[in-house]
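Let me begin by presenting the structure, written as C-alpha cells, before commenting on it.
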Number of protein chains: 2
Amino acid sequence: MSQTVDRALSILPLLAEGPADLGQVAERLDVHKSTALRLLRTLHEHGLVYRQSDQRYRLGARLFALAQEAVENLDVREIAHPHLVELNSKIGHTVHLAVYEENEVLYIDKVESRYPVRMYSRIGKPVAITVAAVAKLLLADLSEPERRAIAEKLDYPQYTSRSTPNAAAFLKELTVVREQGWATDLGGHEESINCVGAPIRGADGRVVAAMSVSAPSVVVTADELLTLLPVVRRTAEAISREYSGNAPT
Amino acid sequence: MSQTVDRALSILPLLAEGPADLGQVAERLDVHKSTALRLLRTLHEHGLVYRQSDQRYRLGARLFALAQEAVENLDVREIAHPHLVELNSKIGHTVHLAVYEENEVLYIDKVESRYPVRMYSRIGKPVAITVAAVAKLLLADLSEPERRAIAEKLDYPQYTSRSTPNAAAFLKELTVVREQGWATDLGGHEESINCVGAPIRGADGRVVAAMSVSAPSVVVTADELLTLLPVVRRTAEAISREYSGNAPT
DNA sequence: TGGCCTGTTGCATCCTCTGCAACGGCCATT
DNA sequence: AATGGCCGTTGCAGAGGATGCAACAGGCCA
C-alpha cells in the first residue's frame, strides 16, 4: 500500500538472514543504492537496524526490545508457561506452545526435553503448518470457509511419506481433529518424531493457542506417547481455565 | 530521512505501549486518519502489526520471529574476532573466546600470543571446565539449579594444587564470578599460567560467550595480569554492544 | 429511526522519494 | 608511490507516490 514503507520493511527479513552491505540490500530490493541507503538510515534512526564496525547492516537492539514487548502482550504465553514447565518436569519430553496469526502458526514457547535429543524447532519460527499437531488444532477451530481457503492456498511439502499430501486430506484431518479435540503428528515432519497436542480455549470457547508434546520414536513409541494424551489434555484444560478467568486458585 | 518510513516506524513503539485504534494512531502521529490507515496496512502486510478482533492494532508475532531468526544467525565469533585481534595487538598475550554448549565449554577462537610461548589450547577443543576463567563465566550465568546439577556431575581433576577441588568450592566460585562480573584462573590448569576473563552478553543480558587473556607467570605475574582487567572488560563490553546491536551513539 | 462514531475509498494536489551522476575515501594491484 | 576499481555518500531535478480532503459505509446506542 505504501511503496516506500513496503520497501523499508522488506529489508528486515533480509537482514534477519544475516548481515548485508548496502550493495546487497539495494540489489535484493531492486532499487538504487542511494534509495537503499536512505531507507537503511531511517531504519537505523529508529534502532531497528544496526551498523556494525565493518559497515554492514544487521537487525538492531530496538527490534529485540519491541519483540520482547510483542511477546509480553501475548498473555496466553505468560499464563501457560508454568503449566508447560510442570508438564515437562513430569514427562520429560519437549513441550511446545503455538498460536495462529495471519495465516501462520508460530511457536511462542518451548520447554526443552530433558533427554539429550535435539529437535528442530525454534521459538518464533513458523510451524510446518500442514503436518504439526498444533497447527491442526489451531486451524481446525476456524470456520469451514476459512479452513478451505487456507487449505487451498497452502503448499504440501512431503517432508516424509506420512506428510499430509494435499488440501483434501488436510481438510479431512482438520475435521477429525475438530471433533475429537486433540491432534497428533506421527512422523509427518520428521520420520522419527511423534507429537500429541491439545487446544487451549478462551472464555468464549474459541481456540486461542495449542500445545503439544514431542518425542523421538527411539525414546518412546507412538503408542506410548499416546498414553500421555490424558495428561496433555488435562494440562491444556488447566491453562484454558486460567486463561478464561475460571482459575480455581 | 524518509518521512513516510519514519512515520510508519513511529507506530511500533506506540503500539508497544498497548493496543490502539486507528484514530489514536493518527492523532499520535499527527497525520490524517487515511494516512495512518495506509501505514498500518503496510505494517500489517509485513506482519509487524496485528489486528485483534476488536479492530484495534497491536504488535505482531512476526516481530518476534524476526528477532529470533536474527539471533540465530548471529555469529559471536565473527563479531568478536576483530576486537580480540585489537586487544592482542595492544597487550600481546593470548586471547581466547569460548561458548557453552551441551554441558561443555568450547574454545571457538584464539589469537596467539606475540611472545614465543605456546599454550596448549585448540579451537574447537573442550575447555578444562572446572578451572578455566571462561568456563566459570559461562556457567555462572546459568540458573542456580542448573549450576548445581552440572557442578555435581563434573569431575574435578587436580591439574595443580590450585585446581578447584570439588563441587562445593566450584559453586562458591561461580557465585563470586556471577557477582563481580569477571573471573580468573590463577594456576589452576597449569601451574605457571594465569588467566583473566570477562563475559559477553546478548541483547537480553544473558551471557552468550566469554573471553579471556592468558599469560605465563614467567612473562607477567598474576598481579600484573590483573591490571589488565579493565581493558579486558572494556573489550568484552564493546563486543557485547556490537553483538546486541546497540548503537554507540 | 436517526445520529454519531469509526473505518474506508477515490481523487487532485503537492510533496517527497527516486535514480542519476559525480565525488571521495579505501584497498589492492602494478 | 601511483593507479584503478569498489563502495558509500551527496546534490539535484523530475516524476511518481503519499497526503489530506470529502464523501461513503457500517455498526452501535439512544
Side-chain angles (χ1 to χ4, degrees), chain A residues 1-15 17-60 101-103 143 145-146 203-204 206, chain B residues 1-15 17-60 78-79 81-83 85-86 89 242 245 247-249:
Chain A
M1 302 282 140
S2 165
Q3 190 188 53
T4 317
V5 177
D6 188 51
R7 285 174 171 169
L9 297 183
S10 300
I11 294 177
L12 299 178
L14 192 159
L15 292 185
E17 296 170 16
D21 64 25
L22 180 61
Q24 294 171 322
V25 172
E27 192 186 4
R28 292 273 305 257
L29 287 189
D30 199 29
V31 297
H32 197 270
K33 279 189 306 181
S34 58
T35 304
L37 178 68
R38 279 180 278 253
L39 296 177
L40 282 165
R41 274 228 252 269
T42 311
L43 290 168
H44 182 89
E45 276 178 15
H46 285 259
L48 298 185
V49 147
Y50 172 70
R51 192 145 202 204
Q52 33 186 47
S53 45
D54 62 356
Q55 294 225 312
R56 291 192 303 166
Y57 293 93
R58 260 190 39 206
L59 294 185
E101 189 174 306
E102 310 281 322
N103 296 323
S143 70
E146 282 177 300
D204 55 0
R206 300 224 27 202
Chain B
M1 302 282 138
S2 165
Q3 189 189 56
T4 317
V5 178
D6 188 52
R7 285 173 170 168
L9 297 183
S10 301
I11 294 177
L12 298 178
L14 191 160
L15 290 185
E17 297 169 16
D21 63 26
L22 180 62
Q24 295 170 321
V25 171
E27 192 186 5
R28 291 276 302 262
L29 287 189
D30 200 27
V31 296
H32 197 271
K33 279 189 306 179
S34 59
T35 304
L37 177 68
R38 277 180 282 253
L39 296 178
L40 281 165
R41 272 228 254 269
T42 313
L43 290 167
H44 180 94
E45 274 178 18
H46 286 259
L48 300 185
V49 146
Y50 175 68
R51 194 144 199 206
Q52 31 186 49
S53 44
D54 61 356
Q55 293 224 313
R56 290 190 306 166
Y57 295 91
R58 60 168 185 71
L59 295 182
E78 195 188 335
I79 290 170
H81 191 75
H83 295 271
V85 169
E86 191 195 335
S89 76
E242 190 165 338
T249 315

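Below, chains carry the letters A, B, ... as their sequence lines are ordered, and counting in each starts from 1. Remember, predicted model here, so these are calculated numbers, not experimental data.
- Helix bend of the helix from C:dT1-D:dA30 to C:dT30-D:dA1: the angle between its two end axes, each built from five pairs, comes to 40° after rounding to 10°.
- Within residues 25-32 of chain A, the residues that have a heavy atom under 4.0 Å from DNA chain C are, in order of number, A:Val31, A:His32.
- Atom CG in B:Leu22 sits about 13 Å away from atom C1' in C:dT9, given to the nearest Å.
- Closest of all the heavy-atom pairs between B:Pro82 and B:Glu78 is CD-O, 3.4 Å.
- Summarising the geometry of B:Leu14 relative to B:Arg28, their closest heavy-atom pair is CD1-CB, 3.3 Å, with the distance given to 0.1 Å.
- In this structure, A:Asp54 places its CG atom 12 Å from P of C:dC27, rounding to the nearest Å.
- Taking only side-chain nitrogens and oxygens, A:Ser2 never comes nearer than 4.0 Å to OP1 or OP2 of D:dG17.
- Note on A:Arg7: a side-chain N or O is less than 4.0 Å away from OP1 or OP2 of C:dT18.
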Evaluation steps, side chain to side chain contact (heavy atoms under 4.5 Å, CB included), between A:Thr35 and A:Leu29:
CA-CA 10 Å; A:Thr35 304; A:Leu29 287 189; over 6 Å; no
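- When all heavy atoms of B:Pro19 and B:Gln24 are compared, the pair lying nearest together is O-OE1, 4.4 Å.
- Remark: B:Arg38 CZ to B:Arg7 CZ distance equals 11.5 Å, nearest 0.5 Å.
- Residues B:Arg56 and B:Asp21 meet the side-chain proximity criterion, which asks for heavy atoms closer than 4.5 Å.
- The heavy-atom pair separating B:Ser2 from A:Thr4 by the smallest distance is OG-CG2, 3.6 Å.
- The minimum heavy-atom distance linking A:His44 with A:Tyr50 is given by the pair ND1-CA, 4.3 Å.
- At a threshold of 4.0 angstrom between heavy atoms, the contacts of A:Arg56 with the nucleic acid are absent.
- The 5' end of DNA chain D is approached more closely, in terms of each residue's nearest nucleotide, by A:Tyr57 than by the other of A:Thr4 and A:Tyr57.
- Summary of the strand contacts: A:Gln3 and A:Gly23 both lie near DNA chain D, and taking for each the nucleotide with the nearest heavy atom, the more 5' one is attributed to A:Gly23.
- Between A:Arg51 and A:Gln55 there is a side-chain heavy-atom pair separated by less than 4.5 Å.
- Contacts with DNA chain C (heavy atom under 4.0 Å) in residues 33-41 of chain B: B:Lys33, B:Ser34, B:Leu37, B:Arg41, listed by number.
- Screening B:Val5, B:Leu9, B:Val25, B:Ile11 against B:Leu39 for a side chain to side chain contact (heavy atoms under 4.5 Å, CB included) leaves a single residue, B:Ile11.
- Separating the CD atom of B:Gln55 from the C1' atom of D:dG26 is a distance of 10 Å, rounded to the nearest angstrom.
- Closest non-hydrogen pair, A:Asp6 versus B:His46, comes out as OD1-NE2, 2.5 Å.
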